[in-house]
Amino acid sequence: MTEPAIRRRGLMLVLSSPSGAGKTTISRMLLARDTGITMSVSVTTRPPRPGEVDGRDYQFISVEQFHGLAAGDELLEHARVFDNYYGTPRRPVEEVLAQGRDVLFDIDWQGTQQLAQNARADLVSVFILPPSVEELERRLRARNQDSEEVVRKRMDKAADEMSHWREYDYIVVNRDVEESVASVLAILAAERLRRDRQAGLPELVQRLRGD
Ligand code: 5GP
């Protein structure tokens, strides 16, 4: 008889990048290809962009609501990015991890640092870099949703964000989106196999040894 799947501890997979590096596309493809991952839906005080859906892309909330959540310790991490606040609701993440499933986070370096301080053992962090400055700018402009001033501000912010690349476990240079998704899936596959994440191993080995 084949042994049942080994019980394991869920992990927290963080993807960070400057905006325009292709992170959103990579996240969507990961979620479509791996049913073991659940996306963490952040709260934000920024207004929705065209096409964004409340509860799917973000929970769009007021500044007062945000401060209430932060004060009540209901956020796993939170940060101010550009002129808005962002945060990760704690409870949904804890519920998914408890089921032995993985959670995908699209958060910035500040949030990643907080997770590294509070939950290092569960964290796997990946930084996505654009292949060149020209490509980064092209992708930021192709969005065509933000004003020229916002694009320039984001180019500056991208430089800031990228200065934190050394704080991440893995770096993926997004030359080709299919290749990048394959890289992140490989990271995920290896990290799931880490001995300390396979919580059911001691029992399996005990049975294998006939004890
Ligand atoms: P955007 O407004 O373009 O959706 O996101 C701007 C930045 O905020 C991105 O770098 C994104 O990763 C980051 N971000 C989104 N949600 C969160 C969050 O819950 N926490 C933190 N720390 N950063 C977030």
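We use all heavy atoms of the structure for the numbers below, so side chains are in, but hydrogens, waters and symmetry mates are not. All of these numbers come straight from a predicted model, not from anything done at the bench. One-based numbering, in listed order, for ligands and for the atoms of each.
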Side chains of Pro18 and Lys157: closer than 4.5 Å at any heavy-atom pair?
no
Please identify which atoms of ligand 1 are closer than 4.0 Å to at least one heavy atom of [X].
X: Gly87; value: 18 (C), 19 (O)
X: Arg46; value: 1 (P), 2 (O), 4 (O)
X: Thr88; value: 19 (O)
X: Asp106; value: 11 (C), 12 (O), 14 (N), 15 (C), 16 (N), 17 (C), 24 (C)
X: Ala79; value: 22 (N)
X: Lys23; value: 9 (C), 10 (O), 11 (C), 12 (O)

Working to the nearest 0.5 angstrom, can you tell me the gap between Ser42 OG and Asp106 CG?
7.0 Å
Is Arg80 positioned over the aromatic face of Phe66, cation under 6.0 angstrom from the ring centre and no more than 45 degrees off axis?
no
Once side chain to side chain contact (heavy atoms under 4.5 Å, CB included) is applied, do any residues pair with Glu95, and if so which ones, sequence neighbours excluded?
Arg91
Glu52: side chain to side chain contact (heavy atoms under 4.5 Å, CB included) partners, not counting sequence neighbours
Arg46, Pro48, Arg49, Asp57, Tyr58, Phe60
With heavy atoms under 4.0 Å as the rule, classify the contact between Ile107 and ligand 1 as side chain, backbone, both or neither.
both
Would you kindly specify which portion of Gln114 sits under 4.0 Å from ligand 1, judged on non-hydrogen atoms: side chain, backbone, both or neither?
neither
